[in-house]
Amino acid sequence: MRLCPHAAAGGVRRCQAGILRKLMSAEAPTSPLSELRAAVRAAAAALSSSAGEGSFRLTLERPKKAGFGDYSTNAALLLAPALGQSPRAVAERLGEDLTSRLDGLVDSVEVAGPGFLNFFLSDAWLARATSFVLLAGDDWGAGGAEPAERILVEFVSANPTGPMHVGHARNAAYGDALSRLLALRGHSVEREFYVNDFGTQARKLGESIQARARGQQAPEGGYQGEYVAELAAEIPRAAEMDLDQLTGEGIERMVARTRASLEKFGVAFDRWFFEHKLHSGTPSLVEHAFDVLEEQGRSYRSEGALWLRTSDFGDDKDRVLERSSGDHTYFASDIAYHQEKRERGFDRLIDVLGADHHGYVGRMHAAFQALGGESDRLELLIMQFVHLVSRGERSSMSKRSGHFVTLDELIEEIGVDAARWYLLARSHDTTIDLDIDLAREQSSDNPVYYVQYAHARISSMLDRLGEQRVTQAAQAEVPGDARLEPSERELVKKLLSFPDELAEAEVRRAPHRIAAYALELAQAFTAFYRDCKVIGVEPEEVETRRIQLCLGAQKTIARSLELLGVSAPRSM
RNA sequence: GCGCCUGUAGCUCAGUGGAUAGAGCGCUCGCCUCCGGAGCGAGAGGCCGCAGGUUCGAAUCCUGCCAGGCGCACCA
């Protein structure tokens with residue numbers, strides 16, 4: 001945590017470190033809310049030392065109705081059965097205790113409904129909480145992962161035999177946003193793309209290019225898009241080149257195209273892992289994986305093939321690793337790849353897969369355990385499909401039918417920011433219907449612009465105020481007798497919920513929550529902007545406080561958008 | 001047949017045990033002497049797929065059913 005700037009500046013004014021230390025006293029100093037939570041927990045413990053810690057989960061949440069206070073807890077409802085008292089009676093006792101524990105921080109604590117405790121926070125608490133956001137600096141919202149792990153996120157991993165389409169784009173946007181989120185939460189994250197450059201499909205690409213270069217029909221099951229013709233023209237002597245060499249050239253160029261498309265989309269990888277590396281060397285990584293499985297006693301020979309006993313780990317049936325023909329199955333490559341990942345020493349492996357691979361989840365988990373891994377160290381996240389819709393008709397993406405929208409086209413039609421928002425605003429386990437014509441028409445209605453606009457508007461206001469005034473306001477101490485307008489209070493609370501939103505998004509692997517949060521935050525800011533004049537408002541302390549609110553909102557919006565890979569423009 | 005995902009406002013979707021279920025878009029009606037109107041306010045619009053169950057409390061958990069998507073290879 002960054003030091004209080006007053007201390008660094010050697011200022012004579014009393015620094016806010018005192019109140020901050022108090023606010024941060026809870027075990028997870030990610031937000032001033034930690035203190036409230038800790039107080040509730042302490043009061044609950046005092047009431048029932050025996051009522052098992054952690055046998056229930058008490059919550060501190062923002063009630064929907066304004067009349068129910070700023071925050072509320074269900075602690076009394078959860079404690080009542082253990083204490084053998086009515087929830088309301090428990091709530092009364094908890095409330096009394098908390099009123100004294102939180103002296104000066106809350107205006108009142110009320111018992112309501114079946115036994116909820118509602119907290120009405122003091123304006124002073126809210127005003128100082130805003131300062132906390134600013135003082136946190138780059139640490140705002142960062143950290144909190146428990147425990148922090150070394151995580152490998154493998155995503156996209158599209159076959160390099162065709163262009164990236166919007167389904168891959170969804171996977172890319174999701175994997176990228178998830179990686180950013182995990183990193184901000186304190187994990188050490190590496191991103192990897194697995195390139196299927198080995199086997200039948202890769203060879204079909206080579207054959208297709210060669211056929212094209214010779215002016216022949218594409219082979220059975222081959223590829224025939226425009227890109228095949230481009231490759232045939234690009235690669236010198238494609239018509240007569242050795243097929244293996246041509247395949248290699250073709251794959252290399254397709255990977256370059258894929259990389260370029262993804263880069264344009266704002267997605268970068270730490271490593272591109274090529275499948276052919278699993279099959280080279282002695283012993284190859286595949287053979288090595290077979291050895292490991294044999295040592296673990298999980299493989300056997302039958303009917304001339306090598307089998308893996310995945311049924312030991314809940315799979316429906318055992319799976320073939322090496323066919324009776326001597327060829328390795330695709331599954332064998334995947335196992336070797338996962339073993340290779342394990343040996344690199346990650347605490348957790350995450351694979352982001354398309355919905356068409358979900359049948360593979362059970363057997364991969366089984367294989368992972370067969371290798372000696374713990375099942376919960378491997379996460380296979382399934383992305384549901386993007387369906388294309390045109391004139392009301394729905395169709396799956398298919399190159400043959402022409403129902404195909406590439407990532408490049410999507411970016412060209414609606415831009416990176418709108419595209420990423422569109423793909424990330426929905427949960428990964430719901431299918432998306434994309435009508436590209438409609439998306440183009442409506443792209444200016446994309447909520448992403450509303451969020452960006454709020455950011456640009458704040459930037460404009462701060463520019464108008466001038467750097468000197470803004471810097472001074474950022475460091476100023478807010479007087480304890482502040483009186484906040486309702487929309488100011490709402491904005492502060494929305495800002496403070498940022499770390500919790502991130503924690504929730506991380507645990508659920510749900511970056512779409514950040515999009516929802518960003519929109520709500522922009523709305524809270526816009527309401528504040530509507531109700532509260534900032535520039536030139538009297539007295540000066542009020543202007544100062546509101547500048548702080550603007551800064552906090554600007555920073556939090558920017559950070560939310562950054563997690564989604566969306567730009568936060570200073571003007572638009 | 002078996003498995004996974006989904007079913008919430010006209011449309012696209014949030015909301016995985018709490019109080020009167022939300023947002024965006026669309027629709028209706030208001031609002032541009034005011035820090036950026038890509039905006040603001042008000043309103044209409046819901047058997048939360050259906051039926052049971054669990055409990056103080058269920059859109060949320062359990063069971064069954066219905067509908068849609070996707071899988072169930074010694075294919076890749």
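Note that the structure is predicted; figures quoted are calculated from it, not measured. Here is the naming used below: chain letters follow the sequence lines, and residue numbers restart at 1 for every chain.
Inspection of the Gln472(A) and Arg469(A) side chains reveals an N or O donor paired with an N or O acceptor under 3.5 Å.
Listed candidates were rA19(B), rA76(B), rA38(B). Nearest to the side chain of His357(A) is rA76(B).
Under 4.0 angstrom from either OP1 or OP2 of rA23(B) there lies no side-chain N or O belonging to Tyr517(A). Between Tyr450(A) and rC40(B) there is a side-chain N or O to OP1 or OP2 distance below 4.0 Å. Not one side-chain nitrogen or oxygen of Arg457(A) sits closer than 4.0 Å to the OP1 or OP2 atom of rG39(B). Applying the 4.0 Å criterion to OP1 and OP2 of rG36(B), one finds that Arg464(A) has a side-chain N or O inside that range. Contact annotation: Arg62(A) does not reach the phosphate of rG15(B) (side-chain N/O to OP1 or OP2, under 4.0 Å). For rC35(B), neither phosphate oxygen OP1 nor OP2 lies less than 4.0 angstrom from any side-chain nitrogen or oxygen of Lys533(A). For the pair Gln523(A) and rC40(B), the criterion of a side-chain N or O lying under 4.0 Å from OP1 or OP2 is not met. OP1 and OP2 of rC2(B) both lie 4.0 Å or more from every side-chain N or O belonging to Lys317(A).
The closest donor-acceptor contact from the side chain of Glu340(A) to the backbone of Leu285(A) lies at 3.5 Å or more, if one exists at all.
Using a 4.0 Å cut-off between charged nitrogen and carboxylate oxygen, Arg508(A) and Glu504(A) count as a salt-bridge pair.
For the pair Phe116(A)/Phe68(A), no side-chain contact is recorded, criterion being any heavy-atom separation below 4.5 Å from C-beta on.
Classified by its glycosidic torsion, rC32(B) falls in the syn category, the angle being within 90° of 0.
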Inset, instruction - Would you mind building the protein contact string for nucleotides 3-8 of chain B? One character per nucleotide, 5' to 3', B for base within reach (heavy atoms under 4.0 Å), S for sugar-phosphate only, - for untouched. - result: BBSS--
